[in-house]
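One structure is given here, and the rest of the page talks about it.
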Amino acid sequence: MQIFYTPEIAVNLELPEEEAGHCIRVLRLTEGDEILLTDGKGFFFKAAISRAHPKHCEVNILEQWEQPALWNFNLHIAVAPTKNMDRMEWFAEKATEIGINAITCLNCRFSERKEIKPARLEKILVSAMKQSQKATLPELNGMTDFRTFVSLPFAGRKFIAHCEEGVKPLLKQTYHPGENALVLIGPEGDFSPEEIALALKCGFEPISLGESRLRTETAALVACHTIHVLNQ
């Protein structure tokens, strides 16, 4: 059964216009048909269509349940968006499919992109959440200054993957299953030496993601996947 994203379903028994259009125009569902909804906050709802209008599709809730937690840790990836947004969108989609709690777009000294359109990324996160049968939408934070971000509190291990020489254990060697993790991934030009020094001062641990030099979006996805594999 296809999932429809209805973030306000607790207070408004109506599908958002875009979801309503897909439900009625594309899938040609009608009154009495049962559909599956999620509020993106961890809950699924089985509902029956009570008014089949392509802009105002109303429903009656038949059943509600909370999806059990799919992982027992908090995973936050903060990454400098790529110049080609297709690559950033690819990361957001795949990380959501694998499982991630939050994505922050970092504005770094060597960032190739200084602005993004959060609405576009949000749509990709919603689509990936529904496709992967999840009921929780990852938190998306728009462009955030690097210095501001690394100073924020985080209840868990904090890592920075950078390309400078030095002692950097592999992520798989230093992370322990069950720990909350925040991983910083820099732009193609890497973090600046000043940014690395500030992150270390703020409690971030330097890590390596392997011998190969990875593109930004690949490194971010490798970090996400590694954390999940270590928790299996």
Considering non-hydrogen atoms only, spot the tightest contact between [X] and [Y] and give its length.
X	Y	value
T136	G42	OG1-CA, 3.4 Å
P169	T174	CG-CB, 4.4 Å
I9	E14	CD1-N, 4.2 Å
C224	G99	SG-O, 3.6 Å
Y175	E179	OH-O, 2.6 Å

Flag if over 12 foreign heavy atoms under 6.0 Å of CZ, R147: no
Heavy atoms of other groups near K168 NZ, more than 12 under 6.0 Å: yes
Between [atom1] on residue [X] and [atom2] on residue [Y], distance to nearest 0.5 Å:
X	Y	atom1	atom2	value
H228	I100	NE2	CD1	7.5 Å
L37	Q64	CG	CD	10.5 Å
N107	I116	CG	CD1	10.5 Å
I185	T82	CD1	OG1	13.0 Å
C202	K158	SG	NZ	6.0 Å
L125	I103	CG	CD1	5.0 Å

With F4, the side-chain contact (heavy atoms from CB on, under 4.5 Å) member among C57, P16, C23: C23
Are [Y] and [X] connected in a single hydrophobic cluster, I mean Ile/Leu/Val/Met/Phe/Trp/Tyr linked by side-chain heavy atoms less than 4.5 Å apart?
X	Y	result
F146	L140	no
F110	L214	no
V126	I98	yes

Sidechain N-carboxylate O distance under 4.0 Å for E194, R109: yes
Electrostatic pair E112:R87 at N-O distance under 4.0 angstrom: no
side-chain hydrogen bond (donor to acceptor under 3.5 Å, both in side chains) between H22 and Q2, intermediate numbers included: CA-CA 11 Å; H22 184 70; Q2 184 161 343; 2.9 Å; yes
H76 ring center near F149 ring center (under 6.0 Å): yes
Validation row, ring centre F73 to ring centre H176 under 6.0 Å: no
